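Read through the structure below, which is laid out as structure tokens, and then see the notes.
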Amino acid sequence: MSVYLVGLFWVIGAVVAGAIIAYLVRKYGLDEGRMDNNDAAGQAFTIVGGLHAVVVAFVLISLFDAADTARDNAYEEAQAVVAVAWDASSLPEPAKTQVPALAKEYTETVVRQEWPRLRDGGPMPGTGWSLVEQMRQSLDATDLPDDDWLVNRKTDAGEQLVNIYEKRQARLNSVRDNNIGTVVWFVLIAGSVIFVALPNLFGGTKQITHVIIVSTLAATTTLLLFAIFQLQNPFAGGSKLGTDAFDQAIARLS
């Protein structure tokens, strides 16, 4: 199902629930002293709303930044794979033949085996790490003549291989590190419920106006929670980082 339809269902459900609660509170709740509650309830609403907004904004900004970082890391990893293959193609055997072939196999492994696991959170196969290790061993086994240019190419290939390792580790960690955890979700959900429930203490508005206010707050808060839920994994959900970087790398290495 489309993420937009899922989000719409979330919002509609929140609007219906908020409207029903607001209607029942105004219809069956005690009106006595409701007007007198406005000052105290208004101060509490301001404090709770401000604190809740800070938490939601912090989580959302962190997840947006993490999604951008994951995208940048993926492109840098793919560029490093291409660079190490090009550098190795200038070296003597065995790196001349082995490293470009291993680099192409690595990009195909990332696209076909690892990306689906990044999206569903399943166990990651060890093929990728094995290919990185084989590239390192091939470079180490390559002896060079007394040629500064070749030495520079091998050094650069080694540096690119280290870059692949670092960006790969960051990519694999991003799924786990972006999970905001049970405690934060408890804070977000409990804060949202309190934030939406507090306006029911206010008095002075007509019933239809009160229902609209509460249901609007419920819809807005639910929309933000849905955005947080979708952005937890940069490779799935709303952000859904694709394999474009590695598809381009495969094309360059073919």
Side-chain angles (χ1 to χ4, degrees), residues 1-31 34 37-38 40-68 70 116-122 174-242:
M1 184 180 294
S2 170
V3 64
Y4 301 105
L5 287 178
V6 175
L8 183 62
F9 289 148
W10 276 44
V11 172
I12 291 175
V15 168
V16 172
I20 291 175
I21 292 173
Y23 173 78
L24 293 176
V25 168
R26 290 303 294 266
K27 184 174 179 62
Y28 298 105
L30 295 176
D31 289 332
R34 187 183 294 274
N37 289 338
N38 284 353
Q43 293 177 10
F45 182 78
T46 301
I47 295 172
V48 171
L51 292 174
H52 185 61
V54 169
V55 174
V56 171
F58 178 78
V59 173
L60 271 177
I61 292 172
S62 298
L63 293 177
F64 274 120
D65 289 344
D68 289 339
R117 301 289 75 78
L118 290 171
R119 287 176 175 168
D120 61 24
S174 60
V175 177
R176 179 196 63 202
D177 295 343
N178 275 17
N179 193 328
I180 62 177
T182 305
V183 174
V184 179
W185 269 119
F186 174 78
V187 172
L188 290 171
I189 294 174
S192 298
V193 171
I194 296 172
F195 176 67
V196 174
L198 272 175
N200 290 304
L201 298 177
F202 290 120
T205 58
K206 295 181 179 179
Q207 187 180 69
I208 183 63
T209 304
H210 178 73
V211 170
I212 291 174
I213 291 173
V214 174
S215 59
T216 301
L217 287 175
T220 304
T221 305
T222 302
L223 191 61
L224 293 174
L225 294 180
F226 178 74
I228 292 172
F229 178 76
Q230 290 294 322
L231 289 171
Q232 280 189 109
N233 184 352
F235 302 96
S239 52
K240 202 171 184 178
L241 177 61

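Only a predicted model underlies this, so the values are computations on that prediction, with no experimental measurement involved.
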Please give me the minimum heavy-atom distance between [X] and [Y], naming the atom from each residue.
X: H210; Y: P199; result: CE1-O, 3.1 Å
X: T222; Y: A218; result: OG1-O, 2.7 Å
X: P234; Y: A67; result: CB-CA, 4.1 Å
X: F235; Y: S174; result: CE1-OG, 3.1 Å

Open item on the list: Classify the ring geometry of F195 against F45: parallel below 30°, tilted from 30° to 60°, perpendicular beyond 60°.
Closed with: parallel
If you round to the nearest 0.5 Å, how far is [atom2] of [Y] from [atom1] of [X]?
X: L217; Y: I212; atom1: CG; atom2: CD1; result: 12.0 Å
X: D120; Y: N233; atom1: CG; atom2: CG; result: 9.0 Å
X: F64; Y: L60; atom1: CZ; atom2: CG; result: 6.0 Å
X: F229; Y: I180; atom1: CZ; atom2: CD1; result: 10.0 Å
X: L188; Y: L224; atom1: CG; atom2: CG; result: 10.0 Å
X: D65; Y: L231; atom1: CG; atom2: CG; result: 11.0 Å

TODO: Just do the side chain to side chain contact (heavy atoms under 4.5 Å, CB included) check on V55 and V187 with the steps written out, would you?
DONE: CA-CA 8 Å; V55 174; V187 172; 4.3 Å; yes
Task: 4.5 Å side-chain heavy-atom contact, Q230 and K240 - done: no
TODO: Just jot down the side-chain hydrogen bond (donor to acceptor under 3.5 Å, both in side chains) partners of S192, sequence neighbours excluded, or say none.
DONE: H52
Task: Partners passing side-chain hydrogen bond (donor to acceptor under 3.5 Å, both in side chains) against W185 (at least two apart in sequence or in another chain) - done: Q232
Task: Residue among L51, I189, V48 satisfying side chain to side chain contact (heavy atoms under 4.5 Å, CB included) with I194 - done: V48
